[in-house]
Amino acid sequence: MTASGNLRVNGERLWRSLMRMAMIGATEKGGNCRLALSDPDREARDLFVSWAREAGCTITIDKMGSIFARRAGSDDTLAPVMMGSHLDTQPTGGRFDGVLGVLSALEVIRTLNDLDYRSERPLEIAMWTNEEGSRFAPAMLASGVFAGEFSLEFGHSRADRDGRSVGAELERIGYLGDEPVGGRDIHAFFEVHIEQGPILEEEEKTIGIVTDAQGVRWYEVTLQGVESHAGPTPMDRRRDALVGAARIVERVNEIGLAHAPLACATVGMMEVHPNSRNVIPGRVFLTIDLRHPDDGVLDAMEAEFRARSDEIAAAAGLDLECEKIFAYAPVAFDPGCIEAVREAAAGLGLGAREIVSGAGHDACYISRVAPSAMIFTPCIGGISHNEAEDIKPEWAAAGADVLLRAVIAKAGA
Ligand code: HGY
Ligand code: MN
Ligand code: MN
């Protein structure tokens, strides 16, 4: 089959599946909370597996709990064309981040079934465990193990703030698979994802042809001062960890601004101990997220952040521990896969533009072991990692249409 005008997915069916999945972990403000390996995540996994089986796929689960739904090709000895994303969300996440990629891939399979079309290569939908990195850091953990960035032991050892580990939680929800993680040929990988920024919507483009993704670095900082009474302790005798943390937050923001317009610098998480209104905080834990498309600039941002943090801690009489827990260089996706996306969008007459991803995605790690590219769709107001995240049904259908054609182009007739 060649990609022709009538080759399109069933957009209404895709939208129904998106809305049904959004009922799992639904929040009052219309978003989703399905933290990785939580009960809502298990429920979402179960629903996806049931749908994939209904679509005739065989299911395998690897030792990081990633799920692979496989549709046989006419030559099953060939390496598969893979497509997918993630189902876990942020605590106040939206209904489309990750989900759109998994269910667009399912819609491609459903459409090929409707057309009674058999690709030469087998097709696989990948649902990667713990993409968000919210409950278990770092992000893209399972795709990182699959790509050889992290060991399986490291992946299983990562624990949430209550001390529950990935390995134990995979066991608890029944998704500790027995397939090896990675180490197999993938002919190509495509990921549909919402842009999570404002560019496509503002430029009225339906498709983002993702050429690159910016580099990301995550740090965990612990500041140790001295807890003491908020009343009798004179101001000049304090070792207040929260004052130090506040100064670091301000400095991190200044570093981001100093490398504008492309740099991003965020303190997203802070835990104050003992967090009591009349105790001078003795300990503060905070996280830092630095991003930039140029690794050299990231090096400069990191050096500034470390130097200023040390100065701030010393001036406040605090001990500082800083650990870099996650880092990957800017990613350039595969030219052949990018071209397949470009041609698919053009064949559909969709407005498209090249774009660099500001967010991290599983495709960033999978691009290390398979030719990969991403397909962005707009999101309303560029809002994401927010319960108000929203898209138009026609954008979802367009992303899946492009995925369908790109996959067929790579999977052979
Ligand atoms: O952090 C990210 O960019 C992604 O949401 N994991
Ligand atoms: Mn995502
Ligand atoms: Mn996300």
Side-chain angles (χ1 to χ4, degrees), residues 1-18 20-21 47-60 66-85 87 99-128 184-193 207 336-337 339-350 363 366 370-375 377 393-413:
M1 170 196 297
T2 54
S4 60
N6 66 346
L7 187 61
R8 291 178 184 274
V9 300
N10 180 329
E12 284 176 20
R13 177 172 57 195
L14 171 56
W15 191 255
R16 284 198 304 274
S17 297
L18 285 164
R20 172 63 188 84
M21 185 63 80
L47 180 59
F48 168 65
V49 165
S50 70
W51 280 343
R53 285 201 167 110
E54 281 168 18
C57 294
T58 54
I59 301 295
T60 55
S66 295
I67 301 168
F68 302 93
R70 184 179 175 98
R71 182 179 196 263
S74 56
D75 182 351
D76 244 18
T77 64
L78 295 174
V81 171
M82 190 183 269
M83 50 187 165
S85 192
L87 291 176
V99 188
L100 180 62
V102 175
L103 298 187
S104 293
L106 178 63
E107 178 52 35
V108 165
I109 299 292
R110 287 170 167 169
T111 299
L112 296 177
N113 290 342
D114 294 345
L115 298 170
D116 195 17
Y117 169 77
R118 183 68 52 191
S119 55
E120 182 183 28
R121 291 182 176 276
L123 304 179
E124 286 191 17
I125 305 172
M127 195 302 298
W128 303 106
R184 60 190 178 97
D185 279 349
I186 308 292
H187 181 66
F189 177 73
F190 293 98
E191 181 170 2
V192 172
H193 206 288
I207 296 295
C337 289
E339 199 49 37
V341 172
R342 192 193 322 279
E343 285 174 7
L348 287 156
L350 292 168
I366 301 306
S372 302
M374 293 189 72
I375 302 158
T377 61
E394 56 268 31
W395 292 346
D401 282 336
V402 171
L403 179 65
L404 172 65
R405 289 170 178 231
V407 163
I408 285 176
K410 285 290 180 180

Non-hydrogen atoms of Ser372 and Ala370 that approach each other most closely: OG-O, 2.8 Å

Flag side-chain contact, heavy atom, 4.5 Å: Leu78 against His187: no

Where Ala72 and Asp76 come nearest, the two heavy atoms and their spacing: CA-OD1, 3.4 Å

Nearest-0.5 Å distance, CE of residue Met83 to CD1 of residue Ile375: 10.0 Å

Inter-residue atom distance Phe48.CZ - Ile59.CD1, 0.5 Å rounding: 6.0 Å

Heavy-atom pair with the smallest gap, counting every atom of Gly399 and Thr377: CA-CG2, 3.7 Å

Distance, nearest 0.5 Å, that separates CZ of Arg13 from CG of Leu106: 8.5 Å

Where Val102 and Ser85 come nearest, the two heavy atoms and their spacing: CG2-C, 3.6 Å

Separation between CZ of Arg70 and CD1 of Ile125, rounded to the nearest 0.5 Å: 12.5 Å

Which residues share a salt bridge (charged side-chain N to carboxylate O under 4.0 Å, His left out) with Arg110, sequence neighbours left out: none

Over all atoms of both residues, closest heavy-atom pair of Ala188 and Phe190: CB-CE1, 4.1 Å

Heavy-atom check, side chain of Leu100 versus side chain of Trp395, under 4.5 Å: no

Check: Ser104 side chain, Gly101 main-chain N or O, donor-acceptor pair, under 3.5 Å: no

Pairwise distance CG(Asn10) to CG(Asp401) - rounded to 0.5 angstrom: 10.0 Å

Worked check of side chain to side chain donor-acceptor pair (under 3.5 Å) between Glu107 and Thr111: CA-CA 6 Å; Glu107 178 52 35; Thr111 299; 2.9 Å; yes

Full working for side-chain contact (heavy atoms from CB on, under 4.5 Å) between Trp128 and Glu191: CA-CA 11 Å; Trp128 303 106; Glu191 181 170 2; 5.7 Å; no

Within-4.5 Å side-chain heavy-atom neighbours: Arg8 and Leu348: yes

Any residue meeting salt bridge (charged side-chain N to carboxylate O under 4.0 Å, His left out) with Glu339, in chain and number order, not counting sequence neighbours: Arg342

Where Ala126 and Phe189 come nearest, the two heavy atoms and their spacing: CB-CE1, 4.5 Å

Within-4.5 Å side-chain heavy-atom neighbours: Leu123 and Pro80: no

Leu404 and its side chain to side chain contact (heavy atoms under 4.5 Å, CB included) partner, picked from Ile408, Val407, Val402: Ile408

Any side-chain heavy-atom pair of Glu12 and Trp15 under 4.5 Å: no

Min side-chain heavy-atom separation Ile366-Ile186 under 4.5 Å: no

Reported CZ-to-CZ distance for the pair Arg71 and Arg118, which is rounded to 0.5 angstrom: 4.5 Å

Backbone of Leu7 reached by a side-chain donor or acceptor of Arg405 within 3.5 Å: yes

Beyond-backbone contact of Cys57 with Ile109, side-chain heavy atoms, under 4.5 angstrom: yes

